[in-house]
Structures are given as structure tokens and as C-alpha cells.
Peer 1: 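Take a look at this one; I'll ask things after.
Please read these numbers as outputs of a predicted model, since none were measured by experiment. One-based numbering, in listed order, for ligands and for the atoms of each.
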Amino acid sequence: MKTMPSRISLAHLPTPIQKLERFSARLGINIYIKRDDLTGMECSGNKIRKLEFAVREALDQGADTLITCGGLQSNHCRATAAVAARLGLRSCLVLRSADPSPKADGNLLIDRMLGADIRFIDADAYRNHRSAIMESLAREYEAKGHRAYIIPEGASNGIGTFGYLTCMEEIAEQERQMGLTFDTIVDAVGSGGTFAGLFLANRLLHLEKRVVGINICDDAAFFRTRILEILEEAQEHLETKVVIAPEEIEILDGYVGEGYALSRPEELEFIRDFARLEGIVLDPVYTGKCLYGLQQEAEKGSFSGCKNLLFLHTGGLFGLFPIRDQIPFPQL
Ligand SMILES: *Cc1c(COP(=O)(O)O)cnc(C)c1O
């Protein structure tokens with residue numbers, strides 16, 4: 001991997017791996033958790049690993065402004081705003097919101113604290129025009145003498161993927177230190193870049209793990225196509241090429257529930273109970289749905305034969321605050 005892109009160091013690495021003792025006993029499988037929710041505070045979660053590569057490219061191009069987009073409670077946008085402030089850059093966030101002046105809560109509160117220039121657009125404009133809108137914001141900044149760098153949704157493009165390629169190298173090193181092997185790795189799939197990086201590393205490093213994604217929006221067919229595109233783009237940076245068939249991309253579908261960022265009571269009960277069981281708080285949009293799905297798949301036998309499973313906690317805690325009123329707390 002001679003031509004692997006370079007990065008700046010922003011995340012607290014390596015993130016710890018812990019065994020989930022009681023959850024393992026409940027499911028009858030050894031389940032470990034990699035705490036990528038601990039990559040930082042303002043910049044916590046999985047996006048910072050991707051931003052280490054994307055922002056390096058931005059700086060190399062002389063950018064002083066980062067433009068990106070996401071949902072109203074986007075962890076990726078909040079991490080981008082945090083990185084920008086930390087490096088003395090500007091950030092401009094295009095957020096999807098039906099309400100043109102939403103309450104500053106959760107990630108949005110942090111975006112505000114960090115001084116991001118925030119533009120709200122509705123779901124339709126987001127779906128159909130977000131790239132054009134970011135391009136026009138870049139021109140707006142350039143007209144004022146700045147140089148803008150556009151990061152696509154979730155930093156799930158070729159360059160961002162290297163964040164999870166290096167995460168898999170980190171996991172392999174931790175396996176050597178711990179004296180065990182994770183035969184299965186499970187992560188939540190939202191825009192596909194995290195899965196793509198893990199998948200690519202697994203192939204390039206011949207680790208022969210089973211990499212399983214649980215999608216929290218869209219469907220398995222959508223992500224197989226999307227992840228192949230990201231993998232193509234990532235490999236433009238490399239000398240080696242691996243041939244990947246769509247059916248090699250294992251996405252377990254069926255846990256989107258009510259839709260992106262919409263929670264069902266059983267999902268929130270699961271997150272509440274898991275916090276009490278293991279002392280670890282999951283988020284409602286990604287990790288809560290993913291681990292809830294993992295539990296159901298384990299009960300169906302989808303992980304029978306698995307010796308040591310590693311679940312990637314990709315962060316997202318701030319997203320719990322705006323839905324505080326939906327979380328069921330039984331009356332004492
Ligand atoms: C973005 C995100 C994911 C999904 O990662 P992708 O690379 O977009 O698939 C998972 N968990 C959290 C907390 C996230 O913010």
C-alpha cells in the first residue's frame with residue numbers, strides 16, 4: 001500500500017476494546033466492543049477517523065473552509081465543525097431540516113458552540129440538490145477570498161474510507177496484544193464509508209474476517225451498490241486493485257424500523273437496558289439500531305459458529321438528547 005494517502009492526527013487512538021461480559025452471557029457468544037465513541041469529545045465517533053484523511057487533503061489544497069452536509073443531528077457535521085475550529089478553519093454545514101429554525105439541541109447545539117455557518121434545507125432539496133448547494137456555497141466563500149473544500153455526506157468517499165482501513169490495522173494490532181482473533185466484525189451502515197474501509201482492509205491484509213454491516217436507512221441492495229462505488233474510488237489511491245462482487249458485501253437488512261433517525265419504543269428500551277447492563281450508552285440513530293439488530297440476528301443463529309465477535313461503537317451520544325422525551329423510564 002505504497003500510495004496510501006497521508007493523514008493528520010486528530011483522534012485519540014487506539015480506541016479501547018472491551019469484552020461485553022453480561023451481553024455475551026445473554027447471547028451465548030463472546031462479544032467485544034471497540035470504543036470508537038471514545039475517539040474524542042467534540043469530535044467523537046467514527047467520522048473523525050475519516051476526517052483525518054479528508055482534512056489532510058483539504059489542507060494540502062490550501063483550504064481554509066470546510067463545507068459538508070448531513071441530517072439535522074449529524075454527528076459527521078458536528079465532528080467537522082469541531083475539527084475546523086480546532087485547526088483555525090471555518091466550517092459551513094448544510095443540514096436537512098423541515099423546520100427552518102430548529103432548537104439548538106444535541107449535535108446542533110455543539111455545531112452552534114463551535115461557530116459553524118449553518119444553512120438549513122428541506123428534505124427534498126437535500127435529496128436532489130445538496131451537491132449543487134455545497135458547490136454554490138463554495139463559490140460564495142471564494143468570492144469573499146476564502147478557499148473551500150467540500151466533504152461529501154459522512155465523509156464516505158474514497159479518501160475518507162482510509163480512516164477505517166487504518167482502524168482495521170489498529171484492530172489487527174490489538175488482536176496481537178490481546179492474544180485473540182475476532183472472526184466477525186459488525187458495524188452500523190449509514191453512508192457506507194466505515195464498512196467500506198473495514199471491508200477493504202480485510203481484503204488487502206488477508207485477515208479473512210466476516211465483516212457484517214447492519215443498515216440503519218435505505219436497504220441492502222442500495223448499500224451493496226453504494227459500497228462498491230466507494231471501494232472503487234478508494235482504490236484510485238492505491239496501486240493494488242481487488243475485484244469485489246456485490247454479493248461479497250454482507251449487509252443484514254431489517255433493522256431500519258421507522259426510518260432514518262426515527263426510533264421505535266423497543267429500540268429505545270433496548271438502548272436503556274443495554275446502558276444498565278454494560279454501562280455503555282448507545283445512540284438512537286446508528287449503534288442502538290445496529291446492536292438491537294445484532295441481538296435479533298444472534299437469536300436467529302446468524303452468528304452461530306462465531307468465536308469472538310467485535311461490535312464497533314461508532315459514537316453518536318449527542319443524538320440522544322433531542323429525543324429525551326421518547327425514552328421510556330418506568331415509574332418507580
Ligand atoms: C455516521 C455514523 C455511522 C455510520 O457510518 P457510515 O460510515 O456513514 O456508514 C455509524 N454510527 C454513527 C454514530 C455515525 O455517526
Side-chain angles (χ1 to χ4, degrees), residues 11 15 33-40 42-54 68-82 95-96 106-108 110-111 151-168 185-201 211-220 222-231 233-234 249-252 255-256 260-261 263 267 271 280-294 311-321 323:
T15 56
I33 189 166
K34 182 156 175 71
R35 301 293 305 270
D36 268 16
D37 55 322
L38 301 180
T39 49
E42 296 82 358
C43 67
S44 60
N46 61 338
K47 301 309 180 313
I48 191 67
R49 287 191 190 260
K50 308 181 194 187
L51 290 169
E52 286 192 339
F53 287 90
T68 195
C69 64
L72 182 62
Q73 284 297 327
S74 167
N75 299 306
H76 162 69
C77 289
R78 179 258 308 150
T80 302
L95 300 181
R96 181 180 56 223
N107 283 297
L108 182 60
I110 309 299
D111 299 340
I151 302 170
E153 185 183 65
S156 283
N157 59 351
I159 190 94
T161 301
F162 287 93
Y164 274 87
L165 199 144
T166 53
C167 178
M168 190 67 117
I185 300 197
V186 180
D187 86 310
V189 176
S191 59
T194 301
F195 181 94
L198 295 171
F199 184 95
L200 187 58
V211 182
V212 180
I214 297 182
N215 59 299
I216 57 77
C217 56
D218 298 291
D219 61 22
F222 171 85
F223 279 114
R224 275 194 288 271
T225 306
R226 180 66 200 123
I227 288 164
L228 279 180
E229 286 167 7
I230 299 170
L231 288 169
E233 219 186 293
I249 295 172
E250 188 180 359
I251 305 290
L252 293 178
Y255 304 100
V256 174
Y260 177 77
S263 295
E267 293 162 7
I271 293 170
I280 297 172
V281 183
L282 302 166
D283 85 290
V285 182
Y286 301 93
T287 54
K289 284 187 181 181
C290 179
L291 202 63
Y292 180 65
L294 187 156
F311 167 71
L312 188 66
H313 188 160
T314 38
L317 178 63
F318 297 122
L320 206 49
F321 292 86
I323 62 152

Peer 1: Checking contacts here: is it the side chain or the backbone of Asn46 that comes within 4.0 Å of ligand 1, counting heavy atoms only? Could be both or neither.
Peer 2: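 The side chain, only.
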Peer 1: Does any N/O atom on Asn75 come nearer than 3.5 Å to any N/O atom on ligand 1?
Peer 2: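 Yes, there is a polar N/O contact under 3.5 Å.
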Peer 1: Rounded to the nearest 0.5 Å, how far does CZ of Phe321 lie from CG of Asp283?
Peer 2: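 Between Asp283 CG and Phe321 CZ, I get 12.0 Å after rounding to 0.5 Å.
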Peer 1: State, with a plain yes or no, whether a side-chain heavy atom of Asp36 is found less than 4.5 Å away from one of Cys167.
Peer 2: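 Of all side-chain heavy-atom pairs linking Cys167 with Asp36, at least one is under 4.5 Å.
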Peer 1: May I ask you to list the atoms of ligand 1 that are less than 4.0 angstrom from any heavy atom of Lys50?
Peer 2: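 Selected atoms, number and element: 6 (P), 7 (O), 8 (O).
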Peer 1: List the steps, then state whether side chain to side chain contact (heavy atoms under 4.5 Å, CB included) holds for Phe223 with Ile249.
Peer 2: CA-CA 9 Å; Phe223 279 114; Ile249 295 172; over 6 Å; no
Peer 1: As an exercise, identify every atom of ligand 1 less than 4.0 angstrom from a heavy atom of Ser156.
Peer 2: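 Answer for ligand 1: 7 (O), 8 (O).
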Peer 1: Using modelled atom types and a 3.5 Å cut-off, is there a donor and acceptor pairing between side-chain atoms of Gln73 and backbone atoms of Asn107?
Peer 2: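 Checking the backbone N and O of Asn107 against the side chain of Gln73, a donor-acceptor pair under 3.5 Å is found.
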Peer 1: Any heavy atom of Gly316 sitting closer than 4.0 Å to ligand 1?
Peer 2: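 Under 4.0 Å: yes for Gly316.
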Peer 1: Checking the N or O distance criterion of under 3.5 Å, is ligand 1 in contact with Thr314?
Peer 2: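 Thr314 vs ligand 1: N/O contact under 3.5 Å present.
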Peer 1: To which protein heavy atom is atom 6 (P) of ligand 1 closest, and what is the distance rounded to 0.1 Å?
Peer 2: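 Residue, atom and distance for the closest contact: Ser191 N, 3.5 Å.
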Peer 1: Nearest protein heavy atom to atom 4 (C) of ligand 1, by residue and atom, and its distance?
Peer 2: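 Heavy-atom neighbour on the protein nearest atom 4 (C) of ligand 1: Gly190 N, 3.6 Å.
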Peer 1: Using a strict cut-off of less than 4.0 Å between a Lys/Arg side-chain nitrogen and an Asp/Glu carboxylate oxygen, indicate whether Arg226 and Glu229 qualify as a salt bridge.
Peer 2: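 Looking at Arg226 and Glu229, the cut-off is met.
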Peer 1: Which pair of non-hydrogen atoms, one from Ile230 and one from Gly193, has the smallest distance, and what is that distance?
Peer 2: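 Heavy atoms of Ile230 and Gly193 come nearest at CD1-N, 3.9 Å.
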Peer 1: Thr194 heavy atoms, cut-off 4.0 Å: which ligand 1 atoms fall inside?
Peer 2: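 In order of number, 5 (O), 6 (P), 7 (O).
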Peer 1: With Ser156, which of Lys47, Glu233, Lys50 fulfils side chain to side chain contact (heavy atoms under 4.5 Å, CB included)?
Peer 2: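 By the side chain to side chain contact (heavy atoms under 4.5 Å, CB included) criterion, Ser156 pairs with just one of Lys47, Glu233, Lys50: Lys50.
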Peer 1: Looking at ligand 1, does Gly45 have a heavy atom less than 4.0 Å from it?
Peer 2: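 The answer is no: ligand 1 sits nowhere under 4.0 Å from a heavy atom of Gly45.
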Peer 1: Where do Phe311 and Cys290 come nearest, in terms of heavy atoms and distance?
Peer 2: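 Closest approach of Phe311 to Cys290: CE1-SG, 3.6 Å.
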Peer 1: Does a donor on one side chain sit under 3.5 Å from an acceptor on the other, for Asn46 and Thr194?
Peer 2: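 Yes, because at least one side-chain N or O of Asn46 sits under 3.5 Å from a partner of the opposite role on Thr194.
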Peer 1: Using a 4.0 Å heavy-atom cut-off, say whether Ser74 meets ligand 1 through its side chain, its backbone, both or neither.
Peer 2: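 For Ser74, no heavy atom sits under 4.0 Å from ligand 1.
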Peer 1: Within the 4.5 Å heavy-atom criterion, are His76 and Ile151 side-chain neighbours or not?
Peer 2: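 In contact.
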Peer 1: Has ligand 1 got any nitrogen or oxygen that is less than 3.5 angstrom from a nitrogen or oxygen of Thr287?
Peer 2: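 No, no N or O pair falls under 3.5 Å.
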Peer 1: Show me which atoms of ligand 1 lie under 4.0 Å from any heavy atom of Gly193.
Peer 2: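 So the atoms of ligand 1 that pass are 7 (O), 9 (O).
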Peer 1: For ligand 1, is Glu153 a contact, meaning one of its heavy atoms is under 4.0 Å away?
Peer 2: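 No, that is not the case, since the closest heavy atom of the residue is not under 4.0 Å from the ligand.
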Peer 1: May I ask you to identify the nearest protein heavy atom to atom 2 (C) of ligand 1, giving residue, atom name and distance to one decimal place in Å?
Peer 2: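 The answer is Lys47 NZ, 2.4 Å.
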Peer 1: Examine Val189 against ligand 1 and note whether any of their N/O atoms are separated by less than 3.5 Å.
Peer 2: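 No, no N or O pair falls under 3.5 Å.
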